[in-house]
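Below is the structure I would like to discuss, written out as structure tokens.
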Amino acid sequence: MAVAFSAGADSTALLFAAHRRWPGQVIALHVNHGLQAAADSFQNHAQAFCALHGIVLRAERVQAVHAPGDSPEDAARQARYTALARMAEEAGAACVLLGQHADDQAETVLLALSRGAGLPGLAAMGERFERHGQVFGRPLLDVPSTALRAWLASAGHAFVDDPSNADQRFTRNRIRAVLMPAWEACFPGFRPMLARSAAHAAQGQRLLDDLARIDLAQVGTPPAIARLQALSRDRQANVLRHWLRAEANVAASAAQLDELLDQIAACTTRGHRIRLKVASGLVTREGGDLRFVAPI
């Protein structure tokens with residue numbers, strides 16, 4: 001078993017708890033993004049902690065380069081998961097445990113609400129998922145950050161604090177510093193309530209995915225336009241989201257999906273042309289079907 005170990009409080013608590021529960025069966029994986037001056041000191045602390053407790057550590061430096069207009073946070077996240085999956089596979093680990101906790105889950109729900117997210121966003125973080133062929137788990141989603149830090153303090157375990165977490169230029173940090181305390185003042189103990197809402201959203205999304213698979217079996221892959229038109233507009237939207245995600249791992253924006261649905265409704269003649277940008281590619285009409293054309 002592997003633990004993603006940044007050397008911060010959350011991952012330190014998770015690593016030591018896992019090591020104590022399964023001695024000799026846990027390794028630590030550290031990803032050095034090199035995005036700030038303190039990055040090397042984080043890695044040095046991780047190495048010292050693991051050496052002190054007899055835990056095998058694997059570390060990798062990554063270059064998280066983001067394209068113009070893309071989020072540097074998303075680029076760093078993608079690079080981190082890729083590196084964690086690769087190191088875990090090389091080590092023969094069956095899964096990678098992540099240190100996200102109840103506060104992170106609540107922040108994720110509030111962030112999704114602020115962006116007008118649909119059910120997938122409101123579902124926040126799942127306890128288990130797969131990425132790059134590797135299983136990841138989040139066993140601390142019910143544990144608040146204060147409990148983790150209190151346990152570390154009582155046990156005398158040192159950890160590092162990432163100074164970038166205080167930078168309120170980042171939306172999540174503003175939510176943590178400003179919005180979370182306000183919610184706590186108005187609704188004490190609100191974290192489990194947000195987690196419950198996230199669980200309801202996740203259940204709803206699973207049902208929509210089941211319906212999409214049923215409808216996609218009827219409209220075909222690629223989707224036949226005439227068969228799509230036999231569905232309600234809401235079911236068309238649901239099956240198209242599912243098709244795009246399964247076909248190309250892309251998600252259409254609300255505006256793109258609305259335009260695509262309008263084009264499908266207007267497609268009543270052989271000469272009607274559909275060529276609409278969706279995510280980084282194009283949805284086009286070929287004969288009586290829709291196709292997704294990925295960028296070259």
**OP:** Answer yes if the side chains of Thr108 and Arg172 hold a donor-acceptor pair under 3.5 Å, and no otherwise.
**Re:** yes
Subject >> N-O pairing of Arg206 and Asp209 below 4.0 Å >> reply: no
Original post:
Hey, mind stepping through Leu140 and Leu98 against side-chain contact (heavy atoms from CB on, under 4.5 Å) and telling me if it holds?
Top reply: CA-CA 8 Å; Leu140 301 181; Leu98 304 172; over 6 Å; no
**OP:** Please tell me if the side chains of Gln229 and Cys267 come closer than 4.5 Å, counting only heavy atoms from C-beta onward.
**Re:** yes
**OP:** Kindly say whether Pro144 contributes a backbone atom to a donor-acceptor pair with the side chain of Asp103 at under 3.5 angstrom?
**Re:** no
Original post:
Got Val3 and Ile27 here, is their nearest side-chain heavy-atom distance under 4.5 Å?
Top reply: no
Subject >> Any side-chain donor near an acceptor of the partner, Asp40 and Asn32, under 3.5 Å >> reply: yes
**OP:** Going by the side chain to side chain donor-acceptor pair (under 3.5 Å) test, name the single residue among Gln134, His132, Glu60 that passes it with Arg86.
**Re:** Glu60
Original post:
Considering residues at least two apart in sequence or located in another chain, which fulfil the ring pair (Phe, Tyr, Trp, His ring centres under 6.0 Å) criterion with Phe187?
Top reply: Trp183
Original post:
Taking C-beta and beyond as the side chain, do Leu216 and His242 meet within less than 4.5 Å on heavy atoms?
Top reply: yes
Original post:
Any salt bridge (charged side-chain N to carboxylate O under 4.0 Å, His left out) pairs touching residues 151-161, not counting sequence neighbours?
Top reply: Arg149-Asp161
Subject >> Pair Phe5 and Phe159, ring centroids less than 6.0 Å apart >> reply: no
Original post:
Below 4.5 Å, heavy atoms only, C-beta onward: do Cys95 and Leu97 meet side chain to side chain?
Top reply: yes
Original post:
Hey, does the side chain of Thr284 reach the backbone of Ile274 with a donor-acceptor pair shorter than 3.5 angstrom?
Top reply: no
Subject >> Polar side-chain atom of Asp104 near backbone of His101 as donor-acceptor pair, under 3.5 Å >> reply: yes
**OP:** Describe, in one word, how the ring planes of Phe49 and His45 are oriented to each other, choosing from parallel (under 30°), tilted (30 to 60°) and perpendicular (over 60°).
**Re:** parallel
Original post:
So, does Gln25 use its side chain to make a donor-acceptor pair with the main chain of Trp22 at under 3.5 Å?
Top reply: no
Original post:
Ring centres of His53 and His157 under 6.0 Å apart?
Top reply: yes
Subject >> Cationic N near anionic O, under 4.0 Å, Asp289 to Arg227 >> reply: no
Original post:
Should Arg291 and Glu286 count as an ion pair when the cut-off is N to O under 4.0 Å?
Top reply: yes
Original post:
Donor-acceptor pair, Gln236 side chain versus Leu231 backbone, under 3.5 Å?
Top reply: yes
**OP:** Indicate yes or no for a side-chain donor-acceptor contact from Arg245 to the backbone of Leu240 under 3.5 Å, with no hydrogens or angles considered.
**Re:** no
Original post:
Has the side chain of Arg174 got a donor or acceptor atom that lies under 3.5 Å from a matching backbone atom of Arg169?
Top reply: yes
Subject >> For Ala124 against Ala198, the heavy-atom pair lying closest together >> reply: CB-CB, 4.1 Å
Original post:
Under 3.5 Å, is there a donor-acceptor pair between the Gln168 and Asn173 side chains?
Top reply: no
**OP:** Please check if atom CD in Glu127 has more than 12 non-hydrogen atoms from other residues, nucleotides or ligands closer than 6.0 Å.
**Re:** no
Subject >> Check: Gly99 main-chain N/O paired with Arg138 side-chain donor or acceptor under 3.5 Å >> reply: no
Original post:
Are any side-chain N or O atoms of Gln100 and backbone N or O atoms of Leu141, one a donor and one an acceptor, separated by less than 3.5 Å?
Top reply: no
